[in-house]
Amino acid sequence: MNSILITGSNRGLGLEWARQYGQSGWRVYATCRYPDQADALQQLCQTYPTMSMHRLDVTRAEEIRNVVEQLQGAPIDLLINNAGVYIEKYQQDSLGSIDYEAWRDSFNVNSLGAVRLTEALLENIARSEKRLVVAVTSHMGSIAEIEGPGSYAYRSSKAALNAAMKGISLELAPRAIGILLLHPGWVRTRMGGMDATLSTEQSVKGMRKIIENYSRRMSGQFYRYDGSKIPW
């Protein structure tokens, strides 16, 4: 049975990743910061017997260690680094009003969190058949696609994630472990807002298609949910 671990599974894209892979019969390790408050995810775990829920804040080393221990060496075919924050979406971030502490928090979750977890689960991934790590990033992390001011913390944290994962893809190539950087599109979630053009189902289906068609030459590449490549 193929296995997947997903971060930020309590709502939005993370919940949809869990739903679709649970429906497909995968062994799903669904993680989130507050399992006792994740009603929708709890319901999914009751629906799909191959799904389990685990407490994980990707900024907390002890919680990462706990998840690794809970896995007991089980192989992870697909790691979805989905957890992320967009703090300045809800506050001013123009020059003169930048919250540098929030900027640090953005890096801690969006950049360091994905690298921490990938590093911690490396041997589990190496034991699997598919050996694939996905970083859910954003086209806002593409320097080539910056067309206006603002969102400095989010943009820079996603650009840093992209750069780190590109480098990691080269380090892991000799072990046949792949890295994909995927932009989900503009999705109707709490982060994307209700005016967004895509449902979570459409976005995840598109990203799953890229994953299903993955070959080693694609490792370290940056794609939109529709399969088109994004410039760095």
>> Before you tell me yes or no, could you show the steps for Ser24 and Arg208 under side chain to side chain donor-acceptor pair (under 3.5 Å), namely the whole-Å CA-CA distance, both residues' side-chain angles and the distance that decides it to 0.1 Å?
In response: CA-CA 11 Å; Ser24 296; Arg208 284 186 66 190; 3.1 Å; yes

> With sequence neighbours excluded, what pairs up with Gln43 under the side-chain hydrogen bond (donor to acceptor under 3.5 Å, both in side chains) test?
Replying inline: none

> Just checking, is any N or O donor in the side chain of Gln46 or Gln42 under 3.5 Å from an acceptor N or O on the other one?
Replying inline: no

If you look only at distance, which donor and acceptor atoms sit under 3.5 Å apart when one is on a side chain in residues 62-72 and the other is two or more places apart or in another chain?
| from | atom 1 | to | atom 2 | distance (Å) |
| --- | --- | --- | --- | --- |
| Glu63 | OE1 | Asp57 | N | 2.7 |
| Asn66 | ND2 | Glu62 | O | 3.3 |
| Gln70 | OE1 | His54 | ND1 | 2.6 |

> Is the shortest heavy-atom distance from the side chain of Asp77 to the side chain of Glu129 under 4.5 Å?
Replying inline: yes

>> Under a 4.0 Å threshold between the charged nitrogen and the carboxylate oxygen, would Glu145 count as salt-bridged to Arg224?
In response: yes

>> Taking ring pair (Phe, Tyr, Trp, His ring centres under 6.0 Å) as the definition, give me every residue that meets it alongside Tyr86, ordered by chain and number, with sequence neighbours left out.
In response: Tyr154

>> Using a 6.0 Å distance limit plus a 45 degree cone around the ring axis, check whether Arg104 lies over the aromatic ring of Tyr100.
In response: no

> Considering residues, nucleotides and ligands other than Ile143, do more than 12 of their heavy atoms fall under 6.0 Å from its CD1?
Replying inline: no

>> Quick check on Lys130: does its NZ atom have over 12 non-hydrogen neighbours (other residues, nucleotides or ligands) under 6.0 Å away?
In response: no

>> Suppose we screen for ring pair (Phe, Tyr, Trp, His ring centres under 6.0 Å). Which residues come up paired with Trp186, at least two apart in sequence or across chains?
In response: none

> Under a 4.5 Å cut-off applied to non-hydrogen side-chain atoms, are Ile4 and Asn2 in contact?
Replying inline: no

Distance-only criterion, 3.5 Å: show the donor-acceptor pairs between side-chain atoms of residues 112-123 and protein atoms not counting sequence neighbours.
| from | atom 1 | to | atom 2 | distance (Å) |
| --- | --- | --- | --- | --- |
| Arg116 | NH1 | Val58 | O | 3.3 |
| Arg116 | NH1 | Asn108 | O | 3.2 |
| Arg116 | NH1 | Asn108 | OD1 | 3.1 |
| Arg116 | NH2 | Asn108 | OD1 | 2.5 |
| Thr118 | OG1 | Asn81 | ND2 | 3.1 |
| Thr118 | OG1 | Ala114 | O | 2.7 |
| Glu123 | OE1 | Arg175 | NH2 | 3.1 |
| Glu123 | OE2 | Arg175 | NH1 | 3.2 |
| Glu123 | OE2 | Arg175 | NH2 | 3.3 |

> What residues, two or more places apart in sequence or in another chain, satisfy side-chain hydrogen bond (donor to acceptor under 3.5 Å, both in side chains) together with Thr137?
Replying inline: Asn162

> Is Arg127 atom CZ crowded by more than 12 heavy atoms from other residues, nucleotides or ligands, each under 6.0 Å away?
Replying inline: yes

>> What I want to check is whether the side chains of Gln20 and Lys205 have a donor and an acceptor closer together than 3.5 Å.
In response: no

>> Can you tell whether the side chains of Glu212 and Lys209 come within less than 4.0 Å, N to carboxylate O?
In response: no

>> Can you confirm whether Asn10 sits close enough to Arg33 that some side-chain heavy atom of one is under 4.5 Å from a side-chain heavy atom of the other?
In response: no

